[in-house]
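To start, the structure itself, in structure tokens.
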Amino acid sequence: MGLLEIEAKIIGEAEAKAAVINSEAAKEAAEIAAAAKLRAGILREELLDQVRSSAEEEKKAIVVPARLLLKQRLLEEKHRQLDRLFAGIDPAVRDKKESEVVKLLYG
């Protein structure tokens, strides 16, 4: 076997090994990319859940006090209307009628 033949054989073996290494590297790269894509999807969902939860908490922090304030104002207005309605009526009659009206209004 001559020097050129030995050189060709070594180059052929090296090219074959390089092809195997390239194939394995491409396979690993694909696996890493797939795992990264899966992890990114999981992280995205976790972040979305956190944002949704935070948004819901902020919404409650705004809506609940607003509802309570609205109910308070509504009750205050009902009391003002009742006071106006019963103004000038005999206190004994007022107490009896006022109780009946309150039961009607508030159950």
Side-chain angles (χ1 to χ4, degrees):
M1 196 178 231
L3 190 53
L4 290 176
E5 293 169 339
I6 293 173
E7 187 181 331
K9 183 177 179 185
I10 292 172
I11 290 173
E13 288 174 0
E15 287 176 347
K17 284 184 181 180
V20 168
I21 290 171
N22 281 339
S23 174
E24 289 174 358
K27 182 179 174 184
E28 275 190 55
E31 289 173 359
I32 290 170
K37 188 175 182 179
L38 178 63
R39 179 74 178 136
I42 291 169
L43 286 174
R44 179 181 181 274
E45 288 304 315
E46 288 175 358
L47 287 173
L48 284 173
D49 287 344
Q50 289 175 0
V51 169
R52 285 183 192 115
S53 177
S54 177
E56 187 63 30
E57 288 176 20
E58 286 183 38
K59 176 184 167 187
K60 285 180 184 177
I62 294 168
V63 170
V64 169
R67 283 185 181 157
L68 291 174
L69 182 61
L70 179 65
K71 287 180 181 181
Q72 178 186 1
R73 289 182 179 168
L74 182 63
L75 286 173
E76 289 170 355
E77 182 59 29
K78 283 183 180 180
H79 285 291
R80 278 194 292 277
Q81 294 296 327
L82 285 174
D83 288 342
R84 239 182 274 152
L85 178 70
F86 290 112
I89 295 180
D90 179 40
V93 174
R94 176 182 176 155
D95 288 341
K96 181 181 179 200
K97 293 297 180 182
E98 194 172 34
S99 296
E100 292 175 17
V101 171
V102 168
K103 284 179 187 176
L104 249 166
L105 289 176
Y106 300 110

* Got a sec: does the CZ of R73 have more than 12 other heavy atoms crowding it under 6.0 Å? -> no
* Could you give me the CA-CA distance, side-chain angles and deciding distance for I42 and R39, then say whether side-chain contact (heavy atoms from CB on, under 4.5 Å) is met? => CA-CA 5 Å; I42 291 169; R39 179 74 178 136; 4.1 Å; yes
* Structure fact -> Rounded to the nearest 0.5 Å, the NZ atom of K71 sits from the NZ atom of K78 at a distance of 11.0 Å
* Approximate separation, where rounding is to 0.5 Å, of L43 CG and L48 CG -> 11.0 Å
* Structure fact -> Value for CD1 (I10) from CD (E15), rounded to nearest 0.5 Å, stands at 12.5 Å
* Asked: In Å and rounded to the nearest 0.5 Å, what is the CG to CG distance from L69 to L74?
  -> 11.0 Å
* Between E5 and K9, does a side-chain contact (heavy atoms from CB on, under 4.5 Å) hold up when you go through it step by step? -> CA-CA 6 Å; E5 293 169 339; K9 183 177 179 185; over 6 Å; no
* Quick one: which of E57, E56, E58 gives a side chain to side chain contact (heavy atoms under 4.5 Å, CB included) with S54? -> E58
* Asked: Side chains of Q50 and E46: donor-acceptor distance under 3.5 Å anywhere?
  -> no
* If you draw a 6.0 Å radius around CZ in R67, do more than 12 non-hydrogen atoms from other residues or ligands fall strictly inside? -> no
* Given side-chain contact (heavy atoms from CB on, under 4.5 Å), test L68 with Q72 step by step and report yes or no. => CA-CA 6 Å; L68 291 174; Q72 178 186 1; over 6 Å; no
* Rounded to the nearest 0.5 Å, how far apart are CZ of R80 and CG of D83? -> 9.5 Å
* Drop me the distance from R52's CZ to D49's CG, to the nearest 0.5 angstrom. => 5.5 Å
* **Residues K27, E31; criterion side-chain contact (heavy atoms from CB on, under 4.5 Å); working and verdict** => CA-CA 6 Å; K27 182 179 174 184; E31 289 173 359; 3.5 Å; yes
* Asked: Would a 4.5 Å heavy-atom cut-off, applied to side chains only, mark V20 and K17 as touching?
  -> no
